[in-house]
Amino acid sequence: MNNNVLVINCGSSSIKFGLIEAASGKRLISGLAERLGDSGARVVWKTQSDGGTLSIPDADHAHAIQAIVEIPAAKTLLATPPMAIGHRVVHGGEQFSASTQIDAAVLTAIEDCSNLAPLHNPANIVGINAAMAQFPAVPQVAVFDTAFHQTIPNHAYMYAVPYEWYDRLGVRRYGFHGTSHRFVTQRAAEILGLEYENSSFISAHLGNGCSAAAVRAGRSVDTTMGMTPLEGLMMGTRSGNVDPALHQFIAQALGMTLEQVTTQLNKHSGLLGVSGVSNDMRTLFAAAADGNERAALAIEMFCFRLARGVAALTASLNQIDALIFTGGIGENSAPIREKCIGYLQLLNFELDPAQNAIHGRGRAGNISTSTSTPVLVIPTDEEWMISQDCAALIGR
Ligand code: ADP
């Protein structure tokens, strides 16, 4: 056994993977198997010195994991089995408030949560089973997106709906992106020289999915996502908050089933739905610069709704040590940060344009003026966090 952790993040048609030396955090290999189930399925990977692409036509998740471990560089590195395999699992319901070593009972509990995350948990389970078949003697660990948010108090996680829905069906807010919110708030405390247990942050994870969280004394106390990742902020293709009466209205007006309306809200809304151009923020900026008004509107809405989400989270805090931006958009888009902060002047946020321009893209730092409530950009690293959880659970 060595100190390496294989991190696996199974999506519905892709697997992100990485082999990380837990003690140093060094990434020995990282890659992506994508378009699984399709004739164009392939694995793309890189090590510190080289990389490559392997075509795996029609491969499913199990075949893809087999192909990943057969990559020459991986084969050499995995000749000594890793210390642990860490799996990102999207939904842990109320059963899991921390990362957990997987056994038969844990696997059943993850399966039980599938009704809350029908698009995500089944793919995670396939990944766990495939990794177990490949490495039967290596401990496997589940790291849940929801776990960090299990400290949210009931007045914040309950919906104002009949209580039996919660009791019988688990209808409540769970929150997601927990591993990322945990990572960036820990880093923020380090950067600002604060004790994590004595700090207070709002973090905004802005990728294809977007959520913000209030984190007090190292514990999540509120977040914008809900029972599913559809609630909260405007995202790439997800609407975020809408009037709950919208489902029935659109179903009747357009003759859709409820499932079809939900699909519209998950896959055809957000930046894509409003702009009609793209869910990719870079493409939207290019279109807006060319005079596309709906692209400009989508960008403005994204920032306004983000600012409104951040402001709502302040109800759970009595001070703000920093607002943190992370994720593909949060780390890379200085104009999004600037527009969002523009809506938050009442909370004493003010950006330093020069600092805003140079931070991000892998470089963490403070982008606010000296009199502002601090605003930090911190590149997230969920894979590293997963490797650390595995080391803490298995390594000793
Ligand atoms: P995921 O949530 O799938 O992990 P990412 O965190 O990589 O996604 O974020 C993807 C988003 O980041 C996309 O909307 C993309 O346009 C945006 N993004 C990446 N680079 C930039 C950039 N330089 N400027 C603006 N947006 C960017």
Side-chain angles (χ1 to χ4, degrees), residues 7-18 27 30-36 44 88-90 117 119-120 123-124 143 145 175-181 183-184 203-213 223-225 228-230 232-240 266-290 292 295-296 298-303 305-306 324-341 356-364 367 377-386:
V7 177
I8 293 181
N9 178 354
C10 272
S12 56
S13 64
S14 69
I15 304 173
K16 281 187 199 161
F17 61 94
R27 212 148 302 221
S30 60
L32 172 71
E34 58 184 352
R35 299 188 217 151
L36 300 181
V44 186
R88 177 194 179 204
V89 178
V90 168
L119 300 177
H120 296 103
N124 301 150
V143 179
D145 257 34
F176 300 87
H177 292 142
T179 309
S180 178
H181 290 300
F183 175 81
V184 296
S203 54
H205 176 106
L206 311 175
N208 280 309
C210 301
S211 74
T223 190
T224 55
M225 280 180 168
T228 76
L230 184 54
L233 307 178
M234 181 172 173
M235 314 182 205
T237 63
R238 296 190 196 122
S239 61
N266 265 310
K267 300 213 182 299
H268 304 284
S269 296
L271 295 171
L272 174 66
V274 173
S275 69
V277 174
S278 173
N279 62 324
D280 191 301
M281 195 55 97
R282 288 164 292 198
T283 312
L284 288 189
F285 270 100
D290 279 348
N292 186 311
I299 292 168
E300 203 61 43
M301 284 175 63
F302 182 89
C303 297
R305 295 172 79 95
L306 169 60
I324 305 157
F325 285 95
T326 193
I329 297 172
E331 291 166 29
N332 294 302
S333 183
I336 291 288
R337 299 191 295 253
E338 186 184 326
K339 277 181 182 294
C340 173
I341 292 298
N356 190 33
I358 58 170
H359 284 104
R361 292 190 185 84
R363 184 172 161 177
I367 58 170
V377 185
I378 300 180
T380 195
D381 196 343
E382 289 156 289
E383 287 167 359
W384 178 84
M385 196 84 237
I386 291 172

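As the structure lists them, so they are numbered: ligands from 1, and atoms in each ligand from 1. Source: prediction; values computed, not measured.
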Engineer: For Gly327 and ligand 1, does the shortest N/O to N/O distance drop below 3.5 Å?
Structural biologist: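 In fact, backbone or side chain, Gly327 has no N or O that close.
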Engineer: Identify the protein heavy atom lying closest to atom 7 (O) of ligand 1, giving its residue, its atom name and the separation to 0.1 Å.
Structural biologist: Gly328 CA, 4.1 Å
Engineer: Can you name the one residue among Leu271, Asp290, Asn292 that meets side chain to side chain contact (heavy atoms under 4.5 Å, CB included) with Val277?
Structural biologist: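 So, applying the side chain to side chain contact (heavy atoms under 4.5 Å, CB included) to Val277 and each of Leu271, Asp290, Asn292, only Asn292 qualifies.
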Engineer: Between Thr224 and Ser211, which heavy-atom pair has the shortest distance, and what is it?
Structural biologist: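 Looking at all heavy atoms of both residues, the closest pair is OG1-CA, 3.4 Å.
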Engineer: Could you walk me through whether Met281 and Thr283 pass the side chain to side chain contact (heavy atoms under 4.5 Å, CB included) test, one step at a time?
Structural biologist: CA-CA 5 Å; Met281 195 55 97; Thr283 312; over 6 Å; no
Engineer: In this structure, which one of Asn332, Thr326, Leu306 forms a side chain to side chain contact (heavy atoms under 4.5 Å, CB included) with Leu206?
Structural biologist: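 Answer to the side chain to side chain contact (heavy atoms under 4.5 Å, CB included) test with Leu206 among Asn332, Thr326, Leu306: Leu306.
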Engineer: Would you give the length of the straight line joining atom OG1 of Thr237 to atom CG of Asn279, rounded to the nearest 0.5 angstrom?
Structural biologist: 6.0 Å
Engineer: Closer than 4.0 Å to some heavy atom of Asn279 - which atoms of ligand 1 meet that?
Structural biologist: 14 (O)
Engineer: By side-chain contact (heavy atoms from CB on, under 4.5 Å), which residues pair with Asn356, not counting sequence neighbours?
Structural biologist: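 For Asn356 the side-chain contact (heavy atoms from CB on, under 4.5 Å) partners, ignoring immediate neighbours, are Ala334, Arg337, Glu338, Leu351, Ile367.
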Engineer: Judged on heavy-atom distance to atom 17 (C) of ligand 1, which of Asp280, Thr237, Ile329 sits nearest?
Structural biologist: Ile329
Engineer: How close does the nearest protein non-hydrogen atom get to atom 22 (C) of ligand 1, and which residue and atom is it?
Structural biologist: Asn332 CB, 3.4 Å
Engineer: Which side-chain N or O atoms in residues 7-18 pair as donor and acceptor under 3.5 Å with protein atoms at least two apart or in another chain?
Structural biologist:
none

Engineer: Test your reading of the structure: does Met281 have an N or O sitting under 3.5 Å from an N or O of ligand 1?
Structural biologist: yes
Engineer: Which of these, Leu206, Asn208, Ile299, has its nearest heavy atom closest to atom 3 (O) of ligand 1?
Structural biologist: Asn208
Engineer: Donor-acceptor pair, Asp145 side chain versus His177 backbone, under 3.5 Å?
Structural biologist: yes
Engineer: Considering distance alone, does some N or O of Ser333 sit under 3.5 Å from an N or O of ligand 1?
Structural biologist: no
Engineer: What atoms in ligand 1 come closer than 4.0 Å to a heavy atom of Lys16?
Structural biologist: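 So the answer, numbered in order with elements, is 4 (O).
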Engineer: What do you reckon, does His205 have a nitrogen or oxygen under 3.5 Å from a nitrogen or oxygen of ligand 1?
Structural biologist: no
Engineer: In this structure, does ligand 1 have an atom that sits under 4.0 Å from one of the heavy atoms of Met235?
Structural biologist: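 No; Met235 lies far enough from ligand 1 that no heavy-atom distance drops under 4.0 Å.
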Engineer: Suppose we measure from atom 24 (N) of ligand 1 to each protein heavy atom; which comes out shortest, and what is that distance?
Structural biologist: Arg282 CG, 3.6 Å
